[in-house]
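The block underneath contains the structure these notes are about, expressed in structure tokens.
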Number of protein chains: 2
Amino acid sequence: MTKTKTQAGQAALPLNQILEGDCIEMMNSLPEASVDLIFADPPYNLQLRGDLHRPDNSKVDAVDDAWDQFGSFAHYDNFTRDWLAAARRILKPNGALWVIGSYHNVFRMGAELQNQGFWILNDVVWRKSNPMPNFRGKRLTNAHETLIWASKSEGAKYTFNYEALKSLNEGVQMRSDWVLPICNGGERLKDANGDKAHPTQKPEALLHRILVGTTNPGDVVLDPFFGTGTTGAVAKMLGRDFIGIEREESYRVVARKRLSKIRKFDKEALEVSTSKRAEPRVPFGQLVERGLLRPGEELYSLNGRYKAKVRADGTLIGDDVKGSIHQVGAHLEGAPSCNGWTYWTFKRDGKQVPIDLLRQQIRAEMN
Amino acid sequence: MTKTKTQAGQAALPLNQILEGDCIEMMNSLPEASVDLIFADPPYNLQLRGDLHRPDNSKVDAVDDAWDQFGSFAHYDNFTRDWLAAARRILKPNGALWVIGSYHNVFRMGAELQNQGFWILNDVVWRKSNPMPNFRGKRLTNAHETLIWASKSEGAKYTFNYEALKSLNEGVQMRSDWVLPICNGGERLKDANGDKAHPTQKPEALLHRILVGTTNPGDVVLDPFFGTGTTGAVAKMLGRDFIGIEREESYRVVARKRLSKIRKFDKEALEVSTSKRAEPRVPFGQLVERGLLRPGEELYSLNGRYKAKVRADGTLIGDDVKGSIHQVGAHLEGAPSCNGWTYWTFKRDGKQVPIDLLRQQIRAEMN
DNA sequence: AGCGTTTATGAATCGGGCG
DNA sequence: TCGCCCGATTCATAAACGC
């Protein structure tokens with residue numbers, strides 16, 4: 001499974017491995033513009049004061065590890081600036097970045113990534129279906145975390161599998177609020193003592209949605225704060241290559257064991273619904289050339305209000321207008337644009353049939 | 001209704017009025033430490049490029065007002081710094097601040113208010129039950145906005161009516177995600193032409209929850225970006241005093257008229273419709289995301305005649321057909337429609353189990 | 001009047017390929 | 001790099017319309 005990828009004039013990319021060390025140094029050691037997606041779950045800079053107890057006096061196992069302690073906002077901002085800059089360097093021009101955080105750190109991350117030229121595409125709310133309650137009743141239940149999805153720069157051609165996410169959401173466009181349970185039960189990794197192996201292990205469902213929606217099979221996904229390897233595990237299942245970076249040996253041990261047990265889903269299962277945009281383009285003129293429509297034949301608008309005549313060169317002519325199927329449709333409707341394929345119909349056996357049917361016929365022959 | 005409040009050695013506070021002018025100047029003219037709560041809905045600094053049309057070719061009425069135009073992040077940051085500082089000065093030591101924004105501006109606001117010493121208590125997500133869709137299918141539906149609730153400083157004794165919010169939430173602790181419809185219908189204020197009076201009017205239900213939860217009757221609530229006066233209207237209903245600041249005369253005209261019609265403790269108006277939805281919809285894709293079904297796993301029709309394979313995006317693939325669980329079921333049976341939830345089964349311990357069982361499992365977790 | 005259908009609209013950073 | 005032009009794309013709600 002471990003492999004490397006070499007691009008023209010660049011050092012090899014260490015794929016499907018966990019790099020050991022500080023994420024900034026390790027990212028700086030990788031070739032620039034070589035990674036398709038970065039998912040980052042950095043330390044949250046939680047400012048917890050003292051211990052927290054549940055109403056039954058049991059102690060809440062808070063995130064108080066040394067790696068999550070920053071002296072001040074300035075320290076945290078420096079850290080954020082440096083790792084984001086390192087991430088930005090290794091990202092391909094059309095690559096994208098996801099970060100996740102809570103109100104303690106996400107505003108600082110969001111502002112800094114805007115400052116560095118990343119272009120925010122959406123902020124996404126992970127709405128936890130089973131959050132920890134607020135035991136003291138002093139605030140609202142902290143029931144969500146925030147993700148930011150950003151392209152490397154404005155205008156970049158980021159990957160977005162719109163139809164796949166729509167399918168995941170039962171045929172309705174995916175929204176920016178995602179309801180998913182927190183990671184527990186069998187998915188939650190335990191250490192030898194039976195304690196949780198990592199304090200903030202993310203659910204695989206979250207990564208599944210991110211990777212299905214914003215990467216393609218074969219893409220390289222890098223996680224600079226790899227932890228117990230959720231990103232790597234889901235990437236492997238989904239046939240994406242991953243690069244993990246993790247400083248703590250104890251997490252790497254758990255992640256390696258976890259990854260060794262993951263199997264990739266079969267190829268057929270990994271293909272996702274695609275949009276029509278991915279279909280080959282068929283010029284309208286081909287319908288005429290192939291005799292599916294005759295020059296002189298009349299087309300009728302879907303609403304029945306207009307008609308136009310087909311010409312031998314694949315243009316239409318109406319009462320006072322001529323041009324492409326799109327131009328004539330837009331002109332007749334007084335609309336800024338028009339998809340002529342779905343706007344025009346022809347008559348067959350007395351019935352109105354959309355010309356798009358003929359396009360589908362040609363596309364079927366192409367396969 | 002208009003009155004003033006005088007505190008020891010301080011100028012009078014102009015209550016239940018709309019102050020005319022720039023919010024920074026007007027706040028600076030008020031006595032320090034005199035206000036209990038500030039709710040602020042500042043310009044979002046949207047950076048819209050061209051026109052946007054719906055698939056039916058109608059044009060989206062964009063927020064292109066001059067007051068939302070800032071030349072750069074630096075300009076916007078200066079503006080944010082200045083109005084937040086002015087707000088901070090007039091806030092009582094135990095007072096609190098709410099701001100609302102989208103991903104365009106909320107990260108910059110959140111970072112700046114932390115920099116100034118405000119202490120974030122919660123970030124709250126307003127999940128819109130009826131957001132505008134993403135018409136081009138290029139991103140996720142932007143279905144939420146973010147609010148930040150902060151006390152003036154760490155350790156301050158802010159107001160939080162825990163039980164009141166619990167009651168509003170059917171007896172369970174209020175969470176940080178609030179599902180509320182956008183403001184339209186009869187609540188949406190129109191101008192003389194029948195056009196919306198303000199492009200971004202907020203729903204009263206949102207302010208209702210905020211004021212019930214984080215102020216007491218008799219408190220002074222200030223809104224530096226008053227617009228059409230939603231904050232003042234809800235404050236008046238709930239028996240709080242308000243101070244509005246608004247620069248545009250056209251908005252003030254609408255707000256004055258609106259406020260004149262509001263009556264305190266109009267019980268009926270306070271009732272927030274909390275209509276319970278039937279059963280929450282569970283997309284089939286969630287079974288895959290959550291690992292309850294694996295991509296590549298085979299499903300069998302209840303009658304045992306057909307099988308199909310699960311794909312990573314929550315669609316099925318059969319011998320000659322692919323699509324949703326419902327579509328594939330309908331196609332195989334030659335039926336016009338099919339309830340895939342009851343049609344498909346999977347194998348567990350050698351037995352055929354309906355996939356609907358997994359849906360019930362997820363629904364149980366949601367409660 | 002009543003019911004079913006059509007239309008309008010909401011804080012939106014909303015193309016891409018080819019010449 | 002720019003301009004042209006093909007052609008893909010929407011959900012929930014309420015008001016207006018029509019029979």
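Throughout, a chain's letter reflects where its sequence line sits, starting with A, and its residues are numbered from 1.
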Q | Test side chain to side chain donor-acceptor pair (under 3.5 Å) applied to A/E365 and A/Q361, step by step | A | CA-CA 6 Å; A/E365 287 170 20; A/Q361 209 170 304; 4.9 Å; no

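You'll find that the side chain of B/K196 is closest to C/dG10, out of C/dA11, C/dG10, C/dC14. Candidate nucleotides D/dC11, D/dA8, D/dT13 were compared by shortest atom distance to the side chain of B/N130, and D/dT13 ranks first. Closest to the B/P133 side chain, of the nucleotides C/dG16, D/dC11, D/dA14, is D/dC11. Comparing D/dA8, D/dT9, C/dT9 by their nearest atom to the side chain of A/S337 picks out D/dA8. Side chain of B/V63, nearest nucleotide from C/dA11, C/dT9, D/dG7: C/dA11. Each of D/dC11, D/dT9, C/dT9 was ranked by its minimum atom distance to the side chain of A/Q173; first place goes to D/dC11. Set against C/dC14, D/dG7, D/dC11, the side chain of B/L52 has C/dC14 as its closest nucleotide. Listed candidates were D/dT9, D/dT10, C/dC14. Nearest to the side chain of B/D56 is D/dT10. The nucleotide whose nearest atom lies closest to any side-chain atom of B/F73 is, among C/dT13, D/dC11, C/dA12, C/dT13. With D/dC6, C/dG10, D/dT9 as the choices, the nucleotide that has an atom nearest any side-chain atom of A/Q327 turns out to be D/dC6.
With both ends at atom C1', the span from C/dT13 to D/dA12 equals 23 Å, rounded to whole Å. Separation of the P atoms belonging to D/dA8 and C/dT9 is 27 Å when rounded to the nearest angstrom. With both ends at atom P, the span from C/dG10 to D/dT9 equals 25 Å, rounded to whole Å.
For C/dA11, its base sits under 3.5 Å from the side chain of B/K202 at one donor and acceptor pair at least. Contact annotation: side chain of B/R54 to base of C/dG10, donor-acceptor pair present below 3.5 Å. A donor-acceptor contact under 3.5 Å links the side chain of B/R139 to the base of C/dT13.
Contact between the side-chain N/O atoms of A/N339 and the OP1/OP2 oxygens of D/dA8 is found at a separation under 4.0 Å. Listed pair B/S58 / C/dA8 fails the phosphate criterion, with no side-chain N or O lying under 4.0 Å from OP1 or OP2. Close to C/dT13, at under 4.0 Å from its OP1 or OP2, lies a side-chain N or O of B/N142. B/K128 has no side-chain polar atom (N or O) that falls below the 4.0 Å cut-off from OP1 or OP2 of D/dC11. Within the 4.0 Å cut-off from OP1 or OP2 of C/dG16, not a single side-chain nitrogen or oxygen of A/R277 is found. Between B/R188 and D/dA15 there is no side-chain polar atom (N or O) within less than 4.0 angstrom of OP1 or OP2. Residue A/K157 places none of its side-chain N or O atoms closer than 4.0 Å to OP1 or OP2 of C/dG17. Contact check, B/R136 against D/dA8: no side-chain N or O comes under 4.0 Å of OP1 or OP2.
Heavy-atom contacts from other residues, nucleotides or ligands closer than 6.0 Å to NZ of B/K196 number more than 12. Residue A/R294 places its CZ atom among 12 or fewer non-hydrogen atoms of other residues, nucleotides or ligands, all under 6.0 Å distant.
Backbone-only engagement by A/S275 is indicated by non-hydrogen atom pairs under 4.0 Å involving sugar-phosphate atoms exclusively. Within 4.0 Å (heavy atoms only), A/I120 reaches at least one base atom of the nucleic acid. Residue B/P203 is classed as having no contact, given no heavy-atom separation below 4.0 Å to the nucleic acid. Across all strands shown, B/T200 has heavy atoms under 4.0 Å from base atoms, whether or not it also approaches the sugar-phosphate. Using a 4.0 Å heavy-atom distance criterion, B/D61 is classed as a sugar-phosphate-only contact.
With B/F73 as the aromatic partner, B/R108 meets the cation-pi criteria of under 6.0 angstrom to the ring centre and within 45 degrees of the ring axis.
Judged by distance alone, the side chain of A/N169 and the main-chain N or O of A/G171 form no donor-acceptor pair under 3.5 Å. Checking side-chain atoms of B/R359 against main-chain N and O of B/F284 turns up no donor-acceptor pair under 3.5 Å.
With its glycosidic angle within 90° of 0, C/dT13 adopts the syn conformation.
Paired runs in DNA chain D that reach 3 or more consecutive Watson-Crick or G-U pairs, where each pair keeps both distances under 3.5 Å, cover C:2-10 with D:11-19, C:15-19 with D:2-6.
Between B/Y76 and B/F70, the ring-plane angle classifies as perpendicular under the 30° and 60° cut-offs. Between A/W178 and A/W98, the ring planes are tilted. Angles from 30° to 60° get that label.
By the stacking rule of 5.5 Å between ring centres and under 30° between planes, A/W119 stacks on the base of C/dT13.
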